[in-house]
Chemist: 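The structure's right below; bear with me while I get my questions together.
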Amino acid sequence: MPFGQAPLVPINSYRKDENLWLLPYNAELPLDGGFPEFGNGQSMEIPKQYDPKEAEQRHYARWESSGCFAPEINRNPAAPVFSIVIPPPNVTGSLHMGHALQHTMMDVLTRYKRMCGFRTLWLPGTDHAGISTQLVVTRELKKEGLNRLDLGREKFVERVWKWKNESGGQITNQMRREGASVDWSREKFTMDADLTRAVREVFVRLYEEGMIYRGNRLVNWCPNDQTVLSDLEVEKIPQAGKLYYLRYPIKGEDGHVTVATTRPETMLGDTAVAVNPNDSRFEKLVGATILLPLTNREIPLVADEFVDPEFGTGAVKITPAHDPNDYEMGLRHDLAQVVVIDAYARMTEAAGADFVGLDRYKAREKVVARFTEMELLEKVVDYEFSISKCERCKTVVEPLISLQWFMRMDRLRDLALEHLAREGQPRFVPRQYERVYSNWLENLRDWTISRQLWWGHQIPAWYTSSGETIVARSYEEACESAGTTELTQDPDVLDTWFSSALWPFSTMGWPEQTEDLRVFYPTSVLITARDIIFLWVSRMVMMGLKFIGQGPFADVYITGTILDSHGQRMSKTKMNGIDPLDVFDKYGVDATRLTLASVGTTDVRWNEKQVESYRNFANKIWNAARFALMNAEGAAVNPSSLNPADEDFPLQDRWIVSRFHRTTRDLRVALENYEFHEAVQTLYHFFWDDFCDWYIELAKIDVTSEEDSLRRTTARTRLLTILEQALRLLHPFMPYITEELWQRLPGAESNLLHQAYAGADATIMLAAFPEAREELIDEKAEWQMKTIIDLVSRVRNIRSEMNIKPAERVRVLVGAADPQLRDVFSASAEQITRLVRASELSVGGELNAPKASARAVLTGGAEVAVPLEGLIDFAQELQRLDKEMEKLRTEAAKIETQLSNPNFVQRAPAEKVDELRSRIADIAQRSTQLQQTIENLQ
RNA sequence: AGGCACGUACGUCAAUGGUAGACGGCUUCCCUUACAAGGAAGAGGUUGGGGGUUCGAGUCCCUCCGUGCCUACCA
């Protein structure tokens, strides 16, 4: 069971008002029926604290089974398309922070576009992960005292499938917990029959075009995993080592040449010594013959530009069979390749009778000992260099000459570079990765695609008894082509990344020209981590261009990395990983998603406090909804109630509508530009600051009125409607809590769905994402509210600074010369009175306050006074006003400096200059009034 | 060795070249019937150092210092 049933936890048992209200549906989870029924419009008891587990258990199965995730839910044939293919996690994997991060972003976009009415597909699946999976099963066998050779290939592969079917893919259940709105009906696995078919098709076509070939090359070999590795699967690790200076005698002379090496044991396979042709020290020696110690071989001294005269002794030993550079040089000089190390990193017979069978490191000691005996070891110095290790098992890789399959990359590379140059695709976010990507492509070398494993796509090449190679789509086709059934298939499998490279189109049915391929390819965006730009992103681009003729995605978004709290990378070996499932349990999925969505493209340290604050935000949403629902009688969600053209539209309503549309606009822009952090900030502040702190407080008087009036119903309707709209904005980020609350709102029904989903079950995930209506962004209302907020804040500041107890009522006097301003204050007098806890609020043209008052000057020139007869400490008040004055002076000084600079006035945009002028005017007016106030006090 | 990124409040991070912000933490006050996982009011910054471009630089350029990451065929 992926997510266990959470027990009901008594809420906050220490609290005096502990409530044990139970939701009507606690006894049974509605997993079988429709969406839970909530009392539409009837008042109901709702817990004070949000329990995320409740909602998390309730909705996912419902969404999935009612087909909400599948693009078919969209009934609009002309709908625009949005598609993403998931970077397939390893089938052996379990969810880690990196997945959770990427999935959150993909889900946010997918849910957003779906609500916008797009035909939306997010296609899930897993990767067969060749080596990892084979190792997992091998370990399992080991516990039974078996190894894979005991079973044989066929049985072993069967066993891996069994493992895959039983234990693989736990990550898919974890993704359900995340709320990922992927279309499970299209789930793929890289070794599914149809994907295997695509793999073979690609292999055969590339082979036929000469882009796949088999040959002997020096490759990276892992002596532990017994397989070849591509360059990208090898990691270079700096390491303290030694540099050995070995003397090689020169034939026919007394002298010797000294070479420096980090790997003395390879000298047994040397077939030359090389020097730089321009190195005068060795000029006479080029062409000489060297007597290679410990062997009976004579080797030439050759000249090659590659040799750096500055390094070591200027003379280099050449071992073409065991070093990549030497290999290349060997080809240039037609040198013999003497293989002295085998696949198990042991010395071969060619290394000589004294060394055969020795491990490479034992052989090293022995070579060094012999050189010492013969007095041919000149010196040994400490030396730091990079050593190549197998990325997976950390064994030191051995360069070996081996018969493998390779893919020529030159033409594919050119396709990708052209795609970038001509169409600017893929577009990388952030931009700088474009260069990383293109630089890598430019230096691309052939790709070793065969692996000596059993688990994977076996190479579709067969050999006849006479050694002929047949590459075909199937055994049958191969037989036909060979004219015999006596064929042996190549035992190797393909690099896992070969099938991954085809993922964006193989998952959509290619090579068939399917409807999915036509509709959903190319995909809209790829969201992934930067470490697979080369391994995966570039290869998908090349394959997509080659086989479909179009790049696989328009945009590539590269996420940052989540580091641990000390700034270290999270890793299994370091045991410093944070398990996203633990975070879900502790703070809820929605809060975790908000945290993750706030991670941009740079690395961030994991900060649990951040999750906690978003958990609090979820609770805030819950309680705002709780308030609305507790006061919902007689009202229901009604979008047409938010038309400010209607009469009787109080300031707070005009204002919140304006803020809402501004928020919607900013949010949409942020999402379209992948500015997730910006999007979250925008939502957070709209909901908490605008909606909760001000709108609800201002609307409270009407909404909670005892009397059943039209005014009350209207206020309630608007509150519910704004809330409903806000939940829609939040939904892509916080799918669970928004659905949970939405389902409870009276009037939240199928008529709110986007028209593309007409007829579907009512769910917020199919509700229309709000449109930003510019004409409803009301600058005047926002300015008016700003003055009210300013007034309220000033009075509160006075109360706080004067130590007036919260319970104590004060008189508040406002003087405003501007009649419009007076109207604004008067119209909202009731609300202001409540917010500043005043006994009385009077608004007049000028301020007639007793001397013993605390005062403040507002933006726009209004003044406010709080009479504090007997309470006021004049010295303290003076200090407070001085501080205020100081603030104004500092600000004024800054602006003055700018305005007094003739260059600024001349060259800055007029708009900017005007802005500063009006600000300075406002400050000047306030300063004058403040100064007057201060003088009156003295 | 090259390349890229980063360095901003006590912490973690934001800021199309135009008034440096958020969240957490901290101080003071408040269990005010949506929410103490809350409310109100505050304190806290020469944006790593130095130079330059610009009317104006956290932002662009140079340089130095620190920190990460990636690429590379110096034995």
Chemist: Is a donor-acceptor contact shorter than 3.5 angstrom present between the side chain of A:R615 and the base of B:A37?
Modeler: yes
Chemist: Show me the donor-acceptor pairs, under 3.5 Å and distance only, between side chains in residues 435-442 of chain A and residues at least two apart or in other chains.
Modeler:
residue : atom : partner : partner atom : Å
A:S438  : OG   : A:E434  : O            : 3.2
A:S438  : OG   : A:R435  : O            : 3.3
A:N439  : ND2  : A:R435  : O            : 3.4

Chemist: Which residues satisfy the salt bridge (charged side-chain N to carboxylate O under 4.0 Å, His left out) test with A:R615, sequence neighbours excluded?
Modeler: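 Counting only residues at least two positions away or on another chain, A:R615 forms a salt bridge (charged side-chain N to carboxylate O under 4.0 Å, His left out) with A:E612.
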Chemist: Just how far is it from atom CZ of A:R364 to atom OG1 of A:T261, taken to the nearest 0.5 Å?
Modeler: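 That separation rounds to 8.0 Å.
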Chemist: Mind checking what makes ring pair (Phe, Tyr, Trp, His ring centres under 6.0 Å) contact with A:Y557, not counting sequence neighbours?
Modeler: A:Y674, A:F676
Chemist: Can a side chain N or O of A:N616 be found less than 4.0 Å away from OP1 or OP2 on B:G38?
Modeler: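 Yes, A:N616 has a side-chain N/O under 4.0 Å of OP1/OP2 on B:G38.
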Chemist: Quick one: list whatever passes side-chain hydrogen bond (donor to acceptor under 3.5 Å, both in side chains) with A:E608, sequence neighbours left out.
Modeler: A:K586, A:Y587
Chemist: Scan nucleotides 12-20 of chain B nucleotide by nucleotide, 5' to 3', and note B when protein non-hydrogen atoms come under 4.0 Å of the base, S if they reach only the sugar-phosphate, - if neither.
Modeler: SSS---BBS
Chemist: Would you mind reading off the distance between A:R626 atom CZ and B:G38 atom P, rounded to a whole angstrom?
Modeler: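 The answer, rounded to whole Å, is 15 Å.
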Chemist: Do A:K53 and A:D51 sit within salt-bridge range, that is, some charged N less than 4.0 Å from a carboxylate O?
Modeler: no
Chemist: From the options B:A75, B:A34, B:A37, select the nucleotide whose nearest atom is closest to the side chain of A:F311.
Modeler: B:A75
Chemist: Quick one: side-chain hydrogen bond (donor to acceptor under 3.5 Å, both in side chains) partners of A:Q831, sequence neighbours excluded?
Modeler: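 Expected list: none.
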Chemist: Considering every strand and a 4.0 Å limit on heavy-atom distances, what is the contact class for A:E697: base, sugar-phosphate, or nothing?
Modeler: base
Chemist: So, is A:Y383 close to the B:A75 phosphate, meaning a side-chain N or O under 4.0 Å from OP1 or OP2?
Modeler: yes
Chemist: Could you work out, with ring pair (Phe, Tyr, Trp, His ring centres under 6.0 Å) as the rule, every residue matching A:F733, not counting sequence neighbours?
Modeler: none
Chemist: Any base atoms under 4.0 Å from A:D308, or only sugar-phosphate, or nothing? Heavy atoms, all strands.
Modeler: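 Base, at least one base heavy atom under 4.0 Å.
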Chemist: Could one point to a donor on the side chain of A:K700 or the base of B:A34 with an acceptor on the other under 3.5 Å away?
Modeler: yes
Chemist: Determine, for A:K317 against A:D270, whether the closest basic-nitrogen to carboxylate-oxygen distance falls under 4.0 angstrom.
Modeler: yes
Chemist: Picking from B:C35, B:G24, B:A34, which would you name as closest to the side chain of A:K48?
Modeler: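 The answer is B:C35, which lies nearest to the side chain.
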Chemist: Mapping A:E310 and A:C692 onto RNA chain B by nearest heavy atom, which one lands closer to the 5' end?
Modeler: A:C692
Chemist: For A:K389, what residues pass the salt bridge (charged side-chain N to carboxylate O under 4.0 Å, His left out) criterion, not counting sequence neighbours?
Modeler: none
Chemist: With a 4.0 Å limit, can you tell me whether A:K805 has a side-chain N or O closer than that to the phosphate oxygens OP1/OP2 of B:A40?
Modeler: no
Chemist: Show me, pair by pair, the donor-acceptor contacts under 3.5 angstrom made by side chains of residues 888-899 of chain A, not counting sequence neighbours?
Modeler:
residue : atom : partner : partner atom : Å
A:T890  : OG1  : A:E886  : O            : 2.7
A:T897  : OG1  : A:A893  : O            : 2.6

Chemist: Tell whether A:Q49 reaches the base of B:A36 with its side chain through a donor-acceptor pair below 3.5 angstrom.
Modeler: no
Chemist: Using only side-chain N and O atoms of A:R435, determine if any of them is under 4.0 Å from OP1 or OP2 of B:C4.
Modeler: yes
Chemist: For A:Y50 and A:R837, find the nucleotide of RNA chain B closest to each by heavy atoms; which residue's nucleotide sits nearer the 5' end?
Modeler: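 The residue closer to the strand's 5' end, by nearest nucleotide, is A:R837.
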Chemist: Please tell me which of the listed nucleotides, B:A40, B:C23, B:C30, lies nearest to the side chain of A:D693?
Modeler: B:A40
Chemist: Just compare B:C73, B:A37, B:G39 and give me whichever is closest to any side-chain atom of A:R445.
Modeler: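 Shortest atom-to-atom distance from the side chain points to B:C73.
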Chemist: Once ring pair (Phe, Tyr, Trp, His ring centres under 6.0 Å) is applied, do any residues pair with A:F306, and if so which ones, sequence neighbours excluded?
Modeler: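 Scan of A:F306 (ring pair (Phe, Tyr, Trp, His ring centres under 6.0 Å), adjacent residues dropped) gives none.
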Chemist: Is any side-chain nitrogen or oxygen of A:N797 closer than 4.0 Å to OP1 or OP2 of B:G42?
Modeler: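 Looking at the OP1 and OP2 atoms of B:G42, one of them is under 4.0 Å from a side-chain N or O of A:N797.
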Chemist: Does B:G39 have its OP1 or OP2 closer than 4.0 Å to a side-chain nitrogen or oxygen of A:K620?
Modeler: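 Yes, because at least one side-chain N or O of A:K620 sits under 4.0 Å from OP1 or OP2 of B:G39.
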Chemist: Tell me the interatomic distance from A:I789, atom CD1, to B:A41, atom P, rounded to whole angstroms.
Modeler: 11 Å
Chemist: If you write RNA chain B from 5' to 3' in dot-bracket form, with Watson-Crick or G-U pairs under 3.5 Å, [ ] for crossing pairs and | for pairs with another strand, what do you get?
Modeler: (((((((..((((....[..)))).(((((.......))))).....(((((..]....))))))))))))....
Chemist: Considering only side-chain heavy atoms of A:N325, which listed nucleotide, B:C73, B:G38, B:C35, is closest?
Modeler: B:C73
Chemist: So which protein N/O to nucleotides 59-61 of chain B N/O distances come out below 3.5 Å?
Modeler:
none

